[in-house]
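Step one of this worksheet: look at the structure below.
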Amino acid sequence: MENQISLYNTLTRRKELFEPMSPPHVGLYVCGPTVYGDAHLGHARPAITFDLVFRYLNHVGYKVRYVRNITDVGHLENDADVGEDKVAKKARLEQLEPMEIVQYFTNRYHHDMEMLNVLPPSIEPHASGHIIEQIDLVKKILDSGYAYEENGSVYFDVVKYNREHNYGKLSGRSIEETLENTRDLAGQEEKHNQVDFAIWKKASPEHIMRWPSPWSSGFPGWHLECTAMGCKYLGDTFDIHGGGMDLIFPHHESEIAQAVAANGRDHVRYWMHNNMITINGQKMGKSLNNFITLGEFFSGKQASLEQAYSPITIRFFILQAQYRSTLDFSNEALKAAEKGLKRLLAAAETLRSLAPSANSTLDVAGLRQKCYDAMNDDFNSPILMAHLFDGVRMINSVKDGKETISATDLDLLRKTFTVFIFDILGLKDEGKSSAGNDELVEGLMQTILDIRKEAKLKKDWPTADKIREHLTSLNIEVKDTKEGAVWGMKE
RNA sequence: GGUUUCGUGGCCGAGUGGUUAGGCAGCGGUCUGCAAAACCGUGUACAGCGGUUCGAAUCCGCUCGAAACCUCCA
């Protein structure tokens, strides 16, 4: 590989050179959504972060198998193990089949992701479709002695595991402290220790999502699915596992424990975690009830939104921050993103019609290298964007005749812009497809603008202004530029 | 309370020992019948107090403030 990528590994808490186990193949697993509600801005962050990782690894020549699961079982709603399954709860409230809910929100999730130009993963396994694998995993853990059965449920013996391995290697916490600080929760009599967690849970009579198992009719534990599906599709040990920072403990910590207990070897080599999106300085999340769904952003129909924001604006906004930093939502920040995106795309468009000169006064190769350097340094998209904006200045300067560019450099700059803006950052010009592609409309508009042009040549300003005003009232915006009048639909 | 992380100019957000991050807004200018847009130029900021150093936003200590995790959570 020509590009040496370094990435921040949560396991070691530092940046490390990325070396896949069996290049050029790379295994990438990312925790996907729990489909019991619409995706909100917070869900867009890991999707876009790891879409960037997926796109870049592919770009530099790796063959990536990207697995992102759909969680449609488990994940208990209330404290400890006495709660009911989130999906099941919603189902009963609305008198729908659980799988109907799952399908409905999965479809909507896919739609939102497509809008954000997030590429589909290579495999998108459902937890409910891997009950057999999960039961197998429970058996393995029982066989290796790191779990015990109690009244139809199976619990992971964290204390025993911690004696031989390090439960806490990822999150950096010690089990002793955790033991001291864990609250007393009801319904935990079955557990030998408070830190133990269920890997198979017997279903209560009213619990409708349930599967037969050697221990009881029940359902798999919260952390089991990712271990089971990750190992199934990527191997017992694989390259990269990603997800939100809020999953580090206990979810990912427990995933490691389950995998090591079952397979006796290391689970994941590089753990990557994206930071949270905040609103008023606080995490945007389901439980805090302060989230804004992606659909609401796209439509602008939500109390705290001053306007609609297009999917690609949202994408640009998220990529403007490095994935390990928190990112604070505000209308002001989003509007800034919208304008910046527009300027970047306008320059990309200008680039297509730029004329070359005999030689260059610009360092295009240097710019290109800086772009790669930024991405190689832990996928630093904001730095990449800063360099691209330097490119924007170059393009406009050439257009103004202040700088010149050779044919070779022009070609290189075009390639650089295309690769980084569209292929890697995954941005796109949304305006292009939505308006102005209809032949009839295009013809009519051309006729009208021609008439206006003639009026302007005769300095018949009232007529010219009248045409513009009438079009404005139809939501069509006309702007007189040096190259003539251009029109577009107002947002 | 414990663990971890953070505090950068009006806003968002990089950087992390010595040289301009970048975007948006603002200001100045160019273009322009008007309007809008576009383009160019422009800002010495780094929570506070000490310390280390020739030199700190960057390292160390303390203080203040904020967040995440410890319970489902992207």
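Only this structure's heavy atoms are used, side chains among them; waters, hydrogens and symmetry mates stay out. Chain letters run A, B, ... following the sequence lines, proteins first and then strands; every chain starts at 1.
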- Which part of the nucleic acid does Gly281(A) contact within heavy-atom distance under 4.0 Å: base, sugar-phosphate only, or nothing? sugar-phosphate

- Note on the structure: Here the distance between atom P of C39(B) and atom CD of Glu349(A), to the nearest Å, is 13 Å

- Face-to-face contact Phe389(A) to G23(B) six-ring, under 5.5 Å, under 30°: no

- Item | Under-3.5 Å donor-acceptor pair between Asp465(A) side chain and G33(B) base | yes

- Euclidean distance for P, C24(B) against U42(B) (whole angstrom): 14 Å

- For Glu477(A) and A35(B), give me the distance from atom CD to atom P, rounded to whole Å. 15 Å

- Query: Under 4.0 angstrom, heavy atoms only, what part of the nucleic acid is Met245(A) near: base, sugar-phosphate, or nothing?
  - Reply: nothing

- Take the protein atom OH of Tyr167(A) and the nucleotide atom P of C70(B), then report the distance between them rounded to whole Å. 11 Å

- Task: Assign Lys286(A) to base, sugar-phosphate, or nothing according to its heavy-atom contacts below 4.0 angstrom with the strands shown.
- Result: nothing

- Message: I'd like the C1' distance from A57(B) over to C46(B), given in whole Å.
- Response: 4 Å

- Where protein sits on nucleotides 10-16 of chain B, one letter per nucleotide: B base, S sugar-phosphate only, - none, heavy atoms under 4.0 Å: -SSSSS-

- Message: Tell me the interatomic distance from Leu471(A), atom CG, to C34(B), atom P, rounded to whole angstroms.
- Response: 21 Å

- Message: I'd like to know whether the aromatic ring centres of Phe329(A) and Phe297(A) sit less than 6.0 Å apart in this structure.
- Response: yes

- Query: Leu288(A) has an atom CG; how far is it from atom P of A74(B), in whole Å?
  - Reply: 12 Å

- When rounded to the nearest Å, what value does the distance between C1' atoms of G9(B) and G1(B) take? 37 Å

- Mapping Arg452(A) and His40(A) onto RNA chain B by nearest heavy atom, which one lands closer to the 5' end? Arg452(A)

- Query: With respect to the phosphate group of C24(B), does any side-chain polar atom (N or O) of Arg343(A) fall under 4.0 Å of OP1 or OP2?
  - Reply: yes

- Assign the ring pair Phe238(A) / Tyr29(A) to parallel, tilted or perpendicular, where the plane angle (0 to 90°) is split at 30° and 60°. tilted

- Given Watson-Crick and G-U pairs under 3.5 Å, RNA chain B in dot-bracket ([ ] crossing, | other strand) is (((((((..(((.....[...))).(((((.......)))))....(((((..]....))))))))))))....

- Query: Between Phe197(A) and His223(A), does a ring pair (Phe, Tyr, Trp, His ring centres under 6.0 Å) hold up when you go through it step by step?
  - Reply: CA-CA 9 Å; Phe197(A) 56 87; His223(A) 315 302; 5.1 Å; yes

- Task: To the nearest Å, give me how far apart NZ (Lys399(A)) and P (C31(B)) are.
- Result: 15 Å

- Using the C1' atoms only, state how far U8(B) lies from A56(B), rounded to an integer number of Å. 14 Å

- What is the nucleic acid contact for Val478(A), judged by heavy atoms within less than 4.0 Å: base, sugar-phosphate only, or nothing? base

- Task: Could you measure between the two P atoms, the one in A25(B) and the one in A38(B), and give it in whole Å?
- Result: 8 Å

- Item | Pro125(A) side chain reached by Glu225(A) side chain, heavy atoms, under 4.5 Å | no

- Which whole number of Å gives the distance between the C1' atom of U4(B) and that of G41(B)? 44 Å

- Side-chain contact check for Lys283(A): nearest option of A74(B), A37(B), G23(B) is A74(B)

- Message: Closest approach to the side chain of Lys339(A), judged atom by atom: which nucleotide of G33(B), C70(B), C24(B) is it?
- Response: C24(B)

- Query: Going through the distances and angles, do Tyr8(A) and Tyr270(A) end up as a ring pair (Phe, Tyr, Trp, His ring centres under 6.0 Å)?
  - Reply: CA-CA 8 Å; Tyr8(A) 183 88; Tyr270(A) 304 92; over 10 Å; no

- Task: Could you tell me whether Arg55(A) and Asp51(A) have a side-chain N and a carboxylate O separated by less than 4.0 Å?
- Result: yes

- Message: Any base atoms under 4.0 Å from Leu247(A), or only sugar-phosphate, or nothing? Heavy atoms, all strands.
- Response: sugar-phosphate

- Message: Using the rule given for salt bridge (charged side-chain N to carboxylate O under 4.0 Å, His left out), can you reason through Arg14(A) versus Asp378(A), listing the C-alpha separation, both sets of side-chain angles and the distance that settles it, and then say yes or no?
- Response: CA-CA 10 Å; Arg14(A) 69 176 126 200; Asp378(A) 199 24; over 6 Å; no

- Message: Check Glu306(A) with Lys335(A), please: is the shortest side-chain N to carboxylate O separation under 4.0 Å?
- Response: yes

- Query: Do side-chain atoms of Gln307(A) reach the backbone of Gly300(A) as a donor and acceptor pair under 3.5 angstrom?
  - Reply: no

- Task: Select one nucleotide: of G41(B), A36(B), C39(B), the one nearest the side-chain heavy atoms of Asn396(A).
- Result: C39(B)

- Message: Students often get this wrong, so: under 4.0 angstrom with heavy atoms, is Asp400(A) touching a base, only sugar-phosphate, or nothing?
- Response: sugar-phosphate

- P atom, A37(B) versus G26(B): distance in rounded Å? 10 Å

- Task: Specify the separation, in whole Å, of atom CG of Asn290(A) and atom C1' of A68(B).
- Result: 13 Å

- Task: Give a yes or no on whether the backbone of Gly32(A) and the side-chain of Arg68(A) come within a donor-acceptor separation of less than 3.5 Å.
- Result: no

- Item | Polar side-chain contact Arg468(A)-A36(B) base: donor and acceptor under 3.5 Å | no

- Does the ring pair (Phe, Tyr, Trp, His ring centres under 6.0 Å) test come out yes or no for Tyr109(A) and His43(A), once each step is laid out? CA-CA 10 Å; Tyr109(A) 179 76; His43(A) 293 102; 7.2 Å; no

- If you look at every strand shown and take non-hydrogen atoms under 4.0 Å, does Lys402(A) touch a base, only sugar-phosphate, or nothing? sugar-phosphate

- Query: To the nearest Å, how far apart are Asp112(A) CG and A74(B) P?
  - Reply: 14 Å

- With C1' as the reference atom in both, quote the distance from G15(B) to A45(B) in angstrom, rounded to an integer. 13 Å

- Does the pair Tyr36(A) and Phe105(A) meet the rule for a ring pair (Phe, Tyr, Trp, His ring centres under 6.0 Å), with working shown? CA-CA 6 Å; Tyr36(A) 66 103; Phe105(A) 286 115; 8.0 Å; no

- In terms of the nearest nucleotide of RNA chain B, which residue is placed more toward the 5' end: Met394(A) or Asp390(A)? Asp390(A)

